Amino acid sequence: MTAVEQRFREFKMPDVGEGLTEAEILKWFVAPGDTVTDGQVVCEVETAKAAVELPIPFDGVVHEVRFDEGTTVDVGTPIISVDTDPGAGEAAPQAAPAAGKPAEEPAAEAEPAEKEGRQANLVGYGAAPASTKRRPRKPLPGPQRSAPAPSAGAPAPQEPAPAPARPEAAPAPSPELNGSGRPARPLAKPPVRKLAKDLGIDLEAVTPSGPDGIITREDVHAAAEAVQTARETPVAAPSRAVEGRERRVPVKGVRKATAQAMVNSAFTAPHVTEFVTVDVTRTMKLVADLKQDPAMAGLRVNPLLLVAKALLVAIRRNPDVNATWDEDNQEIVYKDYVNLGIAAATPRGLIVPNIKDAHAKTLPELASALGELVTTAREGKTTPAEMSGGTVTITNVGVFGIDAGTPILNPGESAILAFGAVKLQPWVHKGEVKPRQVTTLALSFDHRLVDGELGSKVLADVAAVLERPKRLITWA
C-alpha cells in the first residue's frame with residue numbers, strides 16, 4: 001500500500017448483518033471539505049428494516065462523496081473518501097524510506113479499517129459475523145516495539161519478500177455458513193424478500209441461482225410453483241372411520257380466486273380497522289319517505305343506498321382515500337373517479353362487482369345501478385369487466401344480523417366499509433334515553449397510504465351523513 005492509499009481512506013456501505021445486499025442513501029450530513037472524526041455520523045441510509053445513521057470509523061477531511069441522495073448502493077461499495085492526513089504536502093507520498101528500512105515496513109503501520117478490526121455495521125443490527133475480530137499481526141523482526149532501524153551493515157533478520165503475503169494469513173471475513181455450505185441467512189434483496197413473504201415462501205428452502213448465492217425473483221416463483229403443485233396433489237381417500245361424515249369439495253373457480261385475492265391482500269397491505277356506532281333513525285325515516293317518492297318508483301330503495309351515497313360524499317370531502325398502492329413503480333395512484341364495489345354473496349362464492357363512476361350519479365341513478373348489480377350477481381351473470389377497476393368497497397354484513405366486522409380490502413383498493421345491522425336500542429337523544437335505530441360502521445384501510453387521521457375523517461363523515469341525512473344536500 002502506497003502512502004497515498006494510506007492517506008485517502010474509503011468508507012464502504014457496511015454489512016447490515018441481515019442478509020440484505022443494498023441500502024438507499026437518504027441524506028448526507030457532510031460535504032467535501034468537512035472535517036470528520038471517528039464515530040461521527042456522516043449519512044443516513046434506509047434498508048428494508050429501517051432508516052439508520054452511519055458513523056465513520058476514522059478521522060480526517062472529506063475528500064469525495066461518491067453517491068447522491070436517493071441512490072441505492074450495494075453493500076461493500078465505497079460511498080465516501082476521506083483524507084486522513086490533510087496537512088501532508090503533495091510531495092509527501094514520494095518521500096524515500098529511511099536508509100536500511102524496508103520499503104514495505106510503512107504498510108505495517110497504517111492499514112485499512114478492516115486491518116484495525118473496524119468493519120462498520122449499520123446501527124441497530126449489531127456486528128456482522130467475524131467483523132469485530134482483529135486480524136493477527138505478524139511479529140515484526142527484532143524487538144516487539146518501535147525501535148531504530150538497523151544499521152546498513154546489520155544482517156536482515158528475515159527476508160522482506162514474505163511481507164506481501166501477509167493478507168493471506170487472515171483472509172477477508174466471509175458470510176457464516178451452515179452445515180450445507182450455504183450462508184446461515186439467505187441472501188436476497190428487499191424486493192425479493194417481500195415477494196417471498198407475500199407468497200408464503202421460506203427463503204431457507206429456496207435454492208439460489210444468482211451470483212454469490214443470491215436468491216432471485218425467479219427462484220422464489222419456482223419455489224411457489226413447487227408448493228402449489230404439492231398442494232394440488234390428490235390426497236388419500238378418507239378412512240372408513242369418517243366415511244359419510246365429511247365432504248370434500250375442490251377449491252376452484254370464484255371461490256379459489258377470492259381466497260387467493262384475500263390472502264394476497266391480507267399479507268400485502270397493512271390493514272387498520274376503525275369503528276363507530278351511530279344513530280341512523282333519521283336515515284331510516286328518509287328511506288321510508290323515498291319509497292313513496294314518485295322519482296324513485298320501481299327502484300330498489302334501502303338503507304344500503306344511503307350508506308353508499310354517504311360514502312361517496314365522504315370521499316368527495318377526503319379524496320386522498322380514493323387511491324391505490326403501485327408496488328412495482330413505488331407510487332401512490334390517486335383517482336378522480338369512484339368505482340363503488342358492493343360485496344355480494346352468491347352460490348359461486350363472494351364477488352365484488354362495482355358501479356362505474358358512481359361519484360357522478362344522482363340518487364335515482366345510483367339506486368338503479370345498485371339494483372342491477374345485485375340482480376346480476378344473484379343470477380350469476382356478473383362479467384369480469386364488472387368486477388375489475390374498483391376503487392372502494394361496501395360490504396353489508398347487517399343483512400345477516402351482524403353488528404360489525406373487520407373486512408379485508410379488495411386487492412388494489414385502499415378502503416372498505418362494513419355496514420352492520422340496524423337495531424332498535426336505547427340511546428341518549430336530546431338529553432333523554434329513547435329507543436333509536438342504531439348501527440355500527442367499520443372502515444378498514446391500507447395504512448401504507450391512508451393514515452389514522454384520514455381514515456378517521458372518512459368514517460366520521462359517513463357517520464355524520466347517516467345521523468343527519470340533510471348533509472347530503474348541505475355537503476354536496
Side-chain angles (χ1 to χ4, degrees), residues 198 253-271 300 304-305 307-346 348-397 407-419 443-450 454-455 458-459 461-462:
D198 294 343
V254 172
R255 194 174 298 277
K256 183 175 182 179
T258 300
Q260 186 60 50
M262 292 299 98
V263 169
N264 290 342
S265 176
F267 292 96
T268 300
H271 286 53
R300 184 187 298 269
L304 179 61
L305 172 63
V307 170
K309 194 64 176 178
L311 179 57
L312 292 171
V313 170
I315 292 173
R316 184 168 67 247
R317 288 167 54 85
N318 306 276
D320 286 355
V321 75
N322 190 42
T324 188
W325 183 275
D326 186 344
E327 179 64 29
D328 292 337
N329 295 314
Q330 289 295 290
E331 296 174 340
I332 297 175
V333 183
Y334 294 101
K335 301 178 180 180
D336 297 326
Y337 60 91
V338 180
N339 291 344
L340 181 62
I342 305 294
T346 72
R348 297 192 304 155
L350 179 70
I351 63 174
V352 188
N354 59 77
I355 301 172
K356 308 298 184 185
D357 293 323
H359 67 288
K361 297 185 181 299
T362 63
L363 190 63
E365 291 172 343
L366 186 61
S368 176
L370 186 57
E372 293 175 3
L373 179 149
V374 172
T375 301
T376 302
R378 288 178 177 174
E379 293 175 351
K381 298 180 180 179
T382 303
T383 65
E386 292 171 323
M387 292 188 291
S388 64
T391 62
V392 67
T393 294
I394 296 175
T395 177
N396 185 8
V397 298
I408 297 178
L409 294 168
N410 202 30
E413 299 179 10
S414 62
I416 179 171
L417 178 70
F419 173 35
L443 183 71
S444 291
F445 50 87
D446 186 343
H447 216 341
R448 291 176 298 181
L449 63 158
V450 179
L454 177 58
V458 172
L459 186 58
D461 281 355
V462 174

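Both backbone and side-chain heavy atoms feed into the values below; hydrogens, waters and symmetry mates do not. Keep in mind it's a predicted model, so treat the numbers as computed, not measured.
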Within the 4.5 Å heavy-atom criterion, are [X] and [Y] side-chain neighbours or not?
X      : Y      : result
His271 : Asp446 : no
Thr382 : Met387 : yes
Val338 : Asp357 : no
Ile394 : Ile416 : no

Can you name the closest pair of heavy atoms from [X] and [Y] and give their distance?
X      : Y      : answer
Leu350 : Ala345 : CD1-N, 4.1 Å
Ser414 : Leu449 : CB-CD1, 4.1 Å
Ile351 : Ala377 : CD1-CB, 3.9 Å
Thr324 : Gly412 : OG1-O, 2.7 Å
Phe445 : Gly455 : CE2-CA, 3.8 Å
Ala385 : Lys356 : O-NZ, 3.1 Å

Got a second to check how far [X]'s [atom1] is from [Y]'s [atom2], nearest 0.5 Å?
X      : Y      : atom1 : atom2 : result
Asn339 : Glu413 : CG    : CD    : 9.0 Å
Trp325 : Gln330 : CH2   : CD    : 6.0 Å
Asn322 : Leu340 : CG    : CG    : 10.0 Å
Ser444 : Asn410 : OG    : CG    : 12.0 Å
Leu366 : His359 : CG    : NE2   : 12.0 Å

Task: From CA spacing to verdict: side chain to side chain contact (heavy atoms under 4.5 Å, CB included), Ile355, Leu370 - done: CA-CA 7 Å; Ile355 301 172; Leu370 186 57; 4.3 Å; yes
Within the side chain of [X], is there an N or O that forms a donor-acceptor pair under 3.5 Å with the backbone of [Y]?
X      : Y      : value
Asn329 : Glu331 : no
Thr375 : Glu372 : no
Glu379 : Thr376 : no

- [ ] Start with the C-alpha distance between Val392 and Leu417, add both sets of side-chain angles, then the distance that settles side chain to side chain contact (heavy atoms under 4.5 Å, CB included), and finish with yes or no.
- [x] CA-CA 8 Å; Val392 67; Leu417 178 70; over 6 Å; no
### Task
Run the numbers on Thr391 and Tyr337 for side chain to side chain contact (heavy atoms under 4.5 Å, CB included), then give the verdict.
CA-CA 8 Å; Thr391 62; Tyr337 60 91; 3.8 Å; yes
CA sep, side-chain torsions, deciding dist, call: Asn354, Ile342, side chain to side chain contact (heavy atoms under 4.5 Å, CB included)
CA-CA 6 Å; Asn354 59 77; Ile342 305 294; over 6 Å; no
Scan the side chains in residues 307-320 for donor-acceptor partners under 3.5 Å anywhere in the protein, sequence neighbours excluded, and list what turns up.
residue : atom : partner : partner atom : Å
Lys309  : NZ   : Lys361  : O            : 3.1
Arg316  : NH2  : Trp475  : O            : 3.1
Arg317  : NE   : Asp461  : OD2          : 3.0
Asn318  : ND2  : Ala314  : O            : 2.9
Asn318  : ND2  : Asp461  : OD2          : 2.9

